[in-house]
Structures are given as C-alpha cells and as structure tokens.
Amino acid sequence: MSEPSRFDRGHTDDLMSFLAASPSPYHAVANTAERLEKAGFRQVAETDAWDGASGGRYVLRGGAIVAWYVPEGAAPHTPFRIVGAHTDSPNLRVKPLPDAGAHGWRQIAVEIYGGPLLNSWLDRDLGLAGRLSLRDGSTRLVNVDRPLLRVPQLAIHLDRAVSSEGLKLDKQRHLQPVWGLGDTVRDGDLIAFLEAESGLAAGEVSGWDLMVHSVEPPAHLGRDRELVAGPRMDNLLSVHAGTAALAAVATADADLPYIPVLAAFDHEENGSQSDTGADGPLLGGVLERSVFARGGTYEDRARAFAGTVCLSSDTGHAVHPNYAERHDPTHHPRVNGGPILKVNVNNRYATDGSGRAVWVAACEKAGVPFQSFVSNNSMPCGTTIGPITAARHGIKTVDIGVAILSMHSARELCGVDDPHLLANALVAFLQG
C-alpha cells in the first residue's frame with residue numbers, strides 16, 4: 001500500500017491561510033468541506049437514505065462537520081478511528097437587536113461567547129462574519145473582512161487606577177464596539193448593511209448568527225520565524241490538521257483496518273450541549289448510520305464502537321516564560337517540542353494508560369516527538385470534548401493537542417513546527 005506524504009512547514013503556511021479564511025464556525029466547516037471535496041469526498045444529506053458504498057462522505061450541520069472514509073471491503077463491524085475537534089472560539093457575538101449607540105456614537109450590541117480574554121479585544125480593528133438566514137429557508141455566509149468595528153479602551157487619564165489595580169471590564173457596558181457616528185439609532189441598520197454587502201435584497205434576511213473577528217492576518221513571528229501568531233488556533237489548528245490527515249489517508253490507496261473519521265463540533269466553548277455540539281447526537285448518529293448502511297446490525301454497531309478510539313485534539317498550555325509558577329513544576333510543554341498528551345486523573349481529560357499507549361504507537365510510527373501536560377495541582381483544569389465523547393458513546397478517547405500561548409485571546413501563539421507534527425501523528429493514528 002502507498003503511504004501519505006509527510007507534512008512539513010508548508011502545512012503550517014496552509015494553516016495560516018485556513019485561519020484567515022475561517023472567521024466563524026460556518027466558514028470553517030465550509031472550508032473543511034471544500035478541502036475534502038478535492039480529496040474525493042462527497043456530501044450526504046441527513047434526510048436522504050445512505051448507501052454502504054466505499055469512499056469518502058461528509059455531513060454538514062450548522063457549524064459542525066463529520067467526515068468519514070469507508071475502505072474497500074470494510075465490514076459492518078469495522079471499528080472507527082476518530083479525530084475530534086471543535087470549530088468555535090471565544091469571541092463577541094451580535095445580539096438579536098444589534099443596533100445601539102449613545103452620545104453621538106453608533107454601536108453594535110454584542111454578547112460574550114465562551115470565555116475570551118476580554119482585554120485582547122480592545123483597540124483592535126474588527127470585522128464581522130457569520131451566517132445569514134434568508135426568508136426562503138436558505139443560508140448565506142457573510143464575511144466583512146476589513147476594519148469595521150472597534151472596542152475603544154478608556155484613556156488612562158480617565159482611569160488612573162488601571163496602572164495600580166489592573167484593568168476591570170464590565171461585560172455589558174465596556175465591550176460594545178463602535179462602528180460609526182450618529183445621534184439616532186436606526187433599527188435594522190446593521191442587517192441592511194450586511195444585505196447590501198452580500199448582494200441581497202432589502203428585507204431578505206430574517207435571522208443571523210454573527211460574530212466579530214480581528215482582521216489582522218496570521219503572521220510568522222520571531223527572529224528566526226519559528227513562531228506563528230494568529231486567531232482561532234483554539235481550535236481550528238486541530239480542525240485543519242484533522243482535515244489534512246483524513247484527506248491524506250483517504251487518497252493514499254491504503255489497506256486500512258479502520259474507518260477514519262473527522263468530527264469537528266461547534267459550541268465546545270460553552271458546554272457542547274447543542275445539536276451540533278459534542279454532547280449532542282450528531283457523531284453517534286453518523287457512525288450508526290454508517291454501520292447500518294453497510295448491512296450491519298445492532299450487534300455490529302456494538303462491536304464497531306467497542307473497537308473504536310477517538311483522539312480529542314485541542315490546544316493546550318505551553319509553559320509561559322513569565323508565569324512558569326502557574327504550571328506543574330515537572331510538566332513544561334514547549335512550543336515546537338511536538339504535540340502534547342493531556343492527562344487529568346479527575347477526567348477533565350479522557351486519557352488513561354491504555355489510551356496513552358495508542359498515542360505513543362501513533363507518534364512512534366510517525367517519528368513525531370510528543371510531550372505530556374498535566375495541570376498544576378493548585379490550578380483548575382480546563383476540559384475538552386474528550387470526556388463528553390467517551391461518556392456519551394462509550395468510545396475510548398485520548399486527549400491530545402498542540403501547546404500554545406495566549407489561549408482564548410483574540411490572537412494566539414504557537415510554534416511553526418507543531419501543527420505539521422500533529423498532522424503527521426494524526427495520519428499514523430488514522431491508518432492504525
């Protein structure tokens with residue numbers, strides 16, 4: 001069988017393009033689908049009957065995508081190898097009545113999504129992107145990728161305490177961006193503006209899911225360009241790596257012992273409890289339908305799930321040079337040191353010893369170094385889709401990812417080598 005080509009720094013350059021083109025979960029899944037189409041995958045509708053033919057398929061639902069590749073001769077009980085990730089990032093999202101303003105300023109009313117570093121959104125040139133729902137039942141992606149909005153910080157002359165007491169932001173009062181001047185707030189202005197931007201007729205939009213984004217593009221950073229700064233690395237870095245790995249495995253004409261899967265969910269940043277989140281029925285429904293489409297029974301479904309492994313890939317914390325005491329003293333993941341294995345004995349991460357063995361085997365096969373991450377005992381530990389996936393579907397799950405700085409900032413930082421090292425490890429995992 002042929003082997004997929006190994007990824008190199010060109011993969012990271014492509015990641016930068018993917019980040020710039022994916023300002024919302026809806027754009028991220030559209031770009032993922034486009035890449036999979038080029039690798040021979042085709043979309044299937046959830047409302048259609050599915051066949052059991054071999055080849056690549058994918059399902060789109062809102063800001064989520066599940067894609068899988070059925071090798072020739074796959075049995076109904078063939079297990080799955082899943083790369084799980086999420087498409088959403090903490091940000092500011094537009095409210096149902098968006099038009100606001102005061103004191104001669106026109107503003108946009110926003111709500112806080114997830115747990116963003118609020119200060120990172122101040123004094124940045126911001127665009128607006130997302131999904132428009134039309135009266136005919138269709139949707140349209142929109143991306144105003146130019147300076148349109150800004151959340152201006154209060155001048156230090158009017159907040160002398162900021163130097164001694166730190167910045168204090170009220171989520172309701174201090175995060176509303178400005179986008180123009182005017183004494184009168186006119187309901188419908190923002191949506192009328194977006195209809196014009198999208199070439200739509202006035203009044204054609206009846207619903208929207210909109211969010212702001214920094215328009216500053218991703219960039220190499222550092223003396224030797226060994227770092228990458230950019231938005232939404234948490235967690236589009238994993239979505240991009242999983243997409244590249246799945247496409248590479250599907251086009252290598254290999255004799256695969258597993259059915260490789262990419263599952264990229266929405267709403268991880270606020271609990272995953274939605275029809276497009278990891279705590280919803282999407283992944284389980286797709287996997288079951290794949291089994292049944294190949295003539296399988298419930299017994300085949302049970303056998304397939306029992307042999308399935310999921311890598312929950314999400315970003316983690318690299319050791320911070322200015323705050324090293326916040327990390328576990330013996331676990332200091334470094335950027336460009338390879339992807340990380342995430343462990344928490346209280347199941348905030350799903351990794352156990354047997355899962356670690358699966359990850360070690362994949363990294364050894366790919367020739368990829370890896371690092372271990374565990375939280376400082378005195379610090380709370382975050383979580384991922386890993387424990388949710390394991391509990392909801394009874395699937396062995398391992399939490400891994402790439403170590404970054406500035407997680408949940410409008411602009412995050414990673415090493416230039418870690419994205420392609422992750423992608424190579426994911427290829428080896430999906431191949432089995």
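Not measured: the values here are computed from a predicted model.
Taking every heavy atom of both residues into account, N143 and A129 meet most closely at OD1-CB, 3.7 Å. Pairing each heavy atom of P76 with each of V291, the nearest pair is O-CG1, 3.5 Å. Among all heavy-atom pairs drawn from I388 and G271, the shortest one is CD1-O, 4.1 Å. For the pair A67 and Y58, the tightest heavy-atom approach, listed with the atom from each and the gap, is CB-CB, 3.7 Å. In terms of heavy atoms, A362 sits closest to A425 at CB-O, 3.9 Å. Here the shortest heavy-atom pairing between S89 and D234 reads OG-O, 2.7 Å.
For the pair D417/T12, no side-chain contact is recorded, criterion being any heavy-atom separation below 4.5 Å from C-beta on. In this structure, the side chains of W179 and L128 stay at 4.5 Å or more apart for every pair of heavy atoms. You'll find the side chain of I82 reaches within 4.5 Å of the side chain of I395, heavy atoms only. Using a 4.5 Å cut-off on side-chain heavy atoms (C-beta onward), L237 and L15 make contact. Counting heavy atoms from C-beta outward, R232 and E412 have side chains that stay 4.5 Å or more apart. By the 4.5 Å heavy-atom criterion applied to side chains, L169 and L175 are counted as neighbours. V178 has its side chain within reach of P152: a pair of non-hydrogen atoms, C-beta onward, lies under 4.5 Å apart. Between I340 and I400, the closest side-chain pair of non-hydrogen atoms is not below 4.5 Å.
A salt bridge is defined here as a Lys NZ or Arg NE, NH1 or NH2 lying under 4.0 Å from an Asp or Glu carboxylate O, and D418 with R334 fails to meet this definition. Using a 4.0 Å cut-off between a side-chain N of Lys or Arg and a carboxylate O of Asp or Glu, R42 and E37 do not qualify as a salt bridge.
At least one donor-acceptor pair under 3.5 Å links the side chain of H174 to the backbone N or O of D170. Looking at D13, its side chain never comes within 3.5 Å of a backbone N or O of G10 through a donor-acceptor pair. For the pair E111 (side chain) and V94 (backbone), a donor-acceptor distance under 3.5 Å is absent. In this structure a side-chain-to-backbone donor-acceptor pair under 3.5 Å is present from T243 to V239. Between the side chain of E72 and the backbone N or O of S54, no donor-acceptor pair lies under 3.5 Å. One N or O on the side chain of N235 and one on the backbone of S313 form a donor-acceptor pair closer than 3.5 Å. Judged by distance alone, with hydrogens and angles left aside, the side-chain atoms of W50 form a donor-acceptor pair with the main-chain N or O of A45 at under 3.5 Å. Without hydrogens or angle criteria, R131 side chain to D209 main chain gives no donor-acceptor distance under 3.5 Å. The closest donor-acceptor contact from the side chain of D224 to the backbone of E226 lies at 3.5 Å or more, if one exists at all. Listed for the D328 side chain is no donor-acceptor partner under 3.5 Å among the backbone atoms of N377.
H320 and Y323 have perpendicular rings, their planes meeting at more than 60° on a 0 to 90° scale where under 30° would count as parallel. Between H327 and H332, the ring planes lie perpendicular to each other; the angle is over 60°, past the 30° to 60° tilted range.
Between R294 and S290, the side chains place a donor N or O and an acceptor N or O closer than 3.5 Å (distance only, hydrogens not considered). No side-chain donor-acceptor contact under 3.5 Å links D14 and S17. Residues H213 and D145 bring a donor and an acceptor atom of their side chains to less than 3.5 Å of each other.
For the atom pair Y113 OH and D88 CG, the distance stands at 3.5 Å (nearest 0.5 Å). Atoms OG1 and CG, on T315 and L422 in that order, are 11.0 Å from each other to the nearest 0.5 Å. Atom CZ of F305 is separated from atom NZ of K396 by 15.5 Å, given to the nearest 0.5 angstrom. S409 contributes atom OG, which lies 10.5 Å from atom CE of M233 (distance to the nearest 0.5 angstrom). Atom OG1 of T384 sits about 3.5 Å away from atom CG of D399, to the nearest 0.5 Å. With rounding to the nearest 0.5 angstrom, the CG atom of L122 is 6.0 Å from the CG atom of L167.
Other residues, nucleotides and ligands contribute only 12 or fewer heavy atoms inside 6.0 Å of the NZ atom of K171. Remark: E325 CD is packed, more than 12 non-hydrogen atoms of other residues, nucleotides or ligands lying under 6.0 Å away. For E299, the CD atom sits in a loose shell: 12 or fewer heavy atoms of surrounding residues, nucleotides or ligands are nearer than 6.0 Å. Environment of CZ in R124: crowded, with over 12 heavy atoms of neighbouring residues, nucleotides or ligands closer than 6.0 Å.
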> Please walk me through it: do R57 and D51 pass salt bridge (Lys or Arg N to Asp or Glu O under 4.0 Å)?
Replying inline: CA-CA 11 Å; R57 309 281 192 277; D51 62 46; 3.2 Å; yes
>> Please determine whether ring pair (Phe, Tyr, Trp, His ring centres under 6.0 Å) holds for the pair H331 and F373, giving the CA-CA distance in whole Å, both sets of side-chain angles, and the decisive distance to 0.1 Å.
In response: CA-CA 6 Å; H331 294 77; F373 172 83; 8.2 Å; no
>> Is there a side-chain contact (heavy atoms from CB on, under 4.5 Å) between F370 and V360? Walk through the geometry before answering.
In response: CA-CA 8 Å; F370 77 93; V360 169; 3.7 Å; yes
>> Using the rule given for side-chain contact (heavy atoms from CB on, under 4.5 Å), can you reason through M211 versus Y26, listing the C-alpha separation, both sets of side-chain angles and the distance that settles it, and then say yes or no?
In response: CA-CA 11 Å; M211 56 207 71; Y26 313 107; 4.1 Å; yes
>> Apply side-chain contact (heavy atoms from CB on, under 4.5 Å) to residues L262 and V83 and explain how you reach the verdict.
In response: CA-CA 5 Å; L262 169 68; V83 174; 4.3 Å; yes
>> Quick one, H220 with V416, criterion side-chain contact (heavy atoms from CB on, under 4.5 Å). Give me CA distance, side-chain angles, the key distance, then yes/no.
In response: CA-CA 8 Å; H220 289 283; V416 72; 3.8 Å; yes
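When the salt bridge (Lys or Arg N to Asp or Glu O under 4.0 Å) test is applied to R61, the partners found at least two apart in sequence or on another chain are E46. V29 pairs by the side-chain contact (heavy atoms from CB on, under 4.5 Å) definition with L60, I65, T87, not counting sequence neighbours. In this structure R303 satisfies the salt bridge (Lys or Arg N to Asp or Glu O under 4.0 Å) test with no other residue, sequence neighbours excluded. Looking at residues two or more places apart in sequence or on another chain, you find a side-chain contact (heavy atoms from CB on, under 4.5 Å) between S198 and L132, R140, V142, L200. With sequence neighbours left out, R146 forms a salt bridge (Lys or Arg N to Asp or Glu O under 4.0 Å) with E197.
Checking H11, H240, H27 one by one against F18, the ring-ring contact (aromatic ring centres under 6.0 Å, His included) holds for a single residue, H240. Residue Y69 is tested with L256, V249, L430 for a side-chain contact (heavy atoms from CB on, under 4.5 Å); the sole match is L256.
Between W68 and F41, the gap from one ring centroid to the other reaches at least 6.0 Å.
Under the side chain to side chain donor-acceptor pair (under 3.5 Å) criterion, the residue pairs touching residues 266-278 are H86-E268, H267-S274, H267-T276, E269-H408, Q273-D279, S274-T276, with sequence neighbours excluded.
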